[in-house]
Amino acid sequence: MTSGMDAPKGRVLIIAGSDSGGGAGVQADIKTVCGLGAYAMTAIAAVTVQDTKRVHSVHLLPVDVVRQQIEVTLADIGADVVKIGMLGSSSIIETVADAVTNRADAPRIILDPVLTATSGDGLGGDGAAEALRARLLPKAFLLTPNIPEAEALTGAAIQTVDDMAEAGRALVALGAGAVLVKGGHASGDAITDVLVNKDGVRSFQHRRIGAAAVHGTGCTLASAIAASLAWGEPLETSIAHAQTYVRDAIETSLGFGGGARILNHAEAARRRRLR
């Protein structure tokens, strides 16, 4: 496919769960990656029965099916970045770790440690946090926990921006290349996200948009970072671009359903093209 052509770029393999409501999970990931001009591939780890109000049920795929999706996609098309979201169980986490990281050409991993949905419903399963910490976190180029996820992974309470930075340092000490602790669960009119890596700590601050819950922001941010990285952008530039995309999608979010609002990917992608 690439004979006589430049080496391919912009390939993102998404490993995550399906959201039947289309607001989060693989559906949000694909919309984001394509909206940013990259190429999306998928390995489905679970099927969730989900709407804007709650997760009604979770159905995990057999581990062999998850593994085969990853292996055949990487063997044929390859990937510049792998974005990992909800995996659902410790056994699937182990399978994904083996399939992605035990390769000579292992791509960079953006790990969004999804343990709960916006509704508060659990998505991680027993032992998921421990398996993520042991098997995938040390292989992650970037880890993108929100405050509750960072607390689950570190065992420490987070109440301030300094606490977020300390949690990021703890997760880097466990092996993550970089950690972006997202501050959306904190109170206040401004949201502060904290990036920690070997170069130190950097804060990204942006205004909170509205008071209503919005479905799929974490999935979308991680996938937007993955798409920019897949095109060769530096990490901090990729984070800034991703935050702009998410902000635009929140500002124009859709009120479908009776629960959380849904990100407007079409408008976020349109605004990107106009810039």
Side-chain angles (χ1 to χ4, degrees), residues 14 16-36 40 48-56 58 83-86 110-124 143-152 158 164 180-194 203-228 238-272:
I14 301 154
S18 168
D19 171 4
S20 58
V26 166
Q27 286 81 353
D29 296 329
I30 294 172
K31 293 171 190 176
T32 304
V33 170
C34 293
L36 291 170
T48 70
V49 178
Q50 188 173 173
D51 53 26
T52 62
K53 297 178 182 179
R54 58 165 296 190
V55 179
H56 296 271
V58 177
K83 186 267 181 175
I84 299 175
M86 174 209 166
I110 308 302
L111 177 59
D112 186 26
V114 178
L115 299 173
T116 58
T118 300
S119 61
D121 295 292
L123 295 171
L143 180 72
T144 62
N146 58 32
I147 288 175
E149 290 160 351
E151 289 177 330
I158 299 174
M164 294 167 67
L180 181 68
V181 182
K182 300 172 296 187
H185 284 75
S187 60
D189 294 332
I191 295 174
T192 301
D193 299 332
V194 177
S203 296
F204 298 81
Q205 192 170 80
H206 40 103
R207 64 183 175 85
R208 190 181 299 276
I209 303 170
V214 183
H215 192 42
T217 55
C219 304
T220 297
L221 181 70
S223 288
I225 295 170
S228 292
S238 297
I239 291 171
H241 287 172
Q243 289 174 330
T244 298
Y245 182 95
V246 173
R247 182 197 68 207
D248 290 343
I250 293 174
E251 285 179 342
T252 59
S253 61
L254 306 167
F256 298 151
R261 295 182 65 82
I262 297 173
L263 294 174
N264 189 342
H265 292 271
E267 179 60 21
R270 189 188 74 84
R271 291 186 182 187
R272 172 186 173 273

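Worth knowing before you read on, the calculation uses all heavy atoms, side chains too, and leaves out hydrogens, waters and symmetry mates.
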Between the side chains of Gln50 and His215, does any donor sit under 3.5 Å from an acceptor? yes
Shortest non-hydrogen contact from Asp112 to Ala222? CB-CB, 3.9 Å
Heavy atoms, side chains only, cut-off 4.5 Å: are Asp248 and Glu267 in contact? no
For the pair Asp189 and Arg207, find out whether any cationic side-chain nitrogen is under 4.0 Å from an anionic carboxylate oxygen. no
Using a distance-only test with no angle check, is there a side-chain donor-acceptor pair under 3.5 angstrom linking Asn264 and Ser253? no
Distance from Gln243 atom CD to Lys182 atom NZ, nearest 0.5 Å? 10.5 Å
Quick check for you: to the nearest 0.5 Å, what is the distance between Ile84 atom CD1 and Ile110 atom CD1? 9.5 Å
Does Lys31 reach the main-chain N or O of Gly22 with its side chain, forming a donor-acceptor pair under 3.5 Å? yes
Working to the nearest 0.5 angstrom, can you tell me the gap between Ile209 CD1 and Thr252 OG1? 9.0 Å
Separation between CD1 (Ile147) and CE (Met164), nearest 0.5 Å, reads 4.5 Å
Step by step, would you call Val214 with Leu263 a side chain to side chain contact (heavy atoms under 4.5 Å, CB included)? CA-CA 7 Å; Val214 183; Leu263 294 174; 3.5 Å; yes
side-chain contact (heavy atoms from CB on, under 4.5 Å) against Ile191, all qualifying residues, sequence neighbours excluded: Asp193, His206, Arg208
Minimal heavy-atom distance between Ala224 and Thr32, with the atoms involved, is N-CG2, 3.5 Å
Does the side-chain hydrogen bond (donor to acceptor under 3.5 Å, both in side chains) test come out yes or no for Gln205 and Thr192, once each step is laid out? CA-CA 4 Å; Gln205 192 170 80; Thr192 301; 3.1 Å; yes
Shortest non-hydrogen pair, Tyr245 vs Ala269, comes out as CE1-N, 3.9 Å
Just verifying a value: how many Å separate Ile262 CD1 and Asp51 CG, rounded to the nearest 0.5 Å? 9.5 Å
Do side-chain atoms of Gln27 reach the backbone of Gly21 as a donor and acceptor pair under 3.5 angstrom? no
Taking all non-hydrogen atoms of both residues into account, name the closest pair between Leu115 and Ala152 and its distance. CD1-CB, 3.9 Å
May I ask you to test the Val58-Met86 pair for a side-chain heavy-atom distance under 4.5 Å? yes
Could you tell me whether the side chain of Lys83 reaches within less than 4.5 Å of the side chain of Leu111, counting heavy atoms only? no
Is it true that, when you exclude Phe256 itself, more than 12 heavy atoms of the residues, nucleotides or ligands shown sit nearer than 6.0 Å to its CZ? no
Check against side chain to side chain contact (heavy atoms under 4.5 Å, CB included), Glu251 and Arg271: CA-CA 12 Å; Glu251 285 179 342; Arg271 291 186 182 187; 2.8 Å; yes
Which atom of Ala227 lies closest to which atom of Val33, heavy atoms considered: CB-CA, 4.3 Å
For the residue pair Val194 and Leu180, establish whether any side-chain heavy-atom pair is separated by less than 4.5 Å. no
How close do Arg261 and Ala212 get, heavy atom to heavy atom, and via which atoms? CD-CB, 4.1 Å
Tell me, do Leu221 and Thr144 make a side-chain contact under 4.5 Å, heavy atoms counted? no
What is the distance from atom CD of Glu151 to atom NE2 of His185, rounded to the nearest 0.5 Å? 9.5 Å
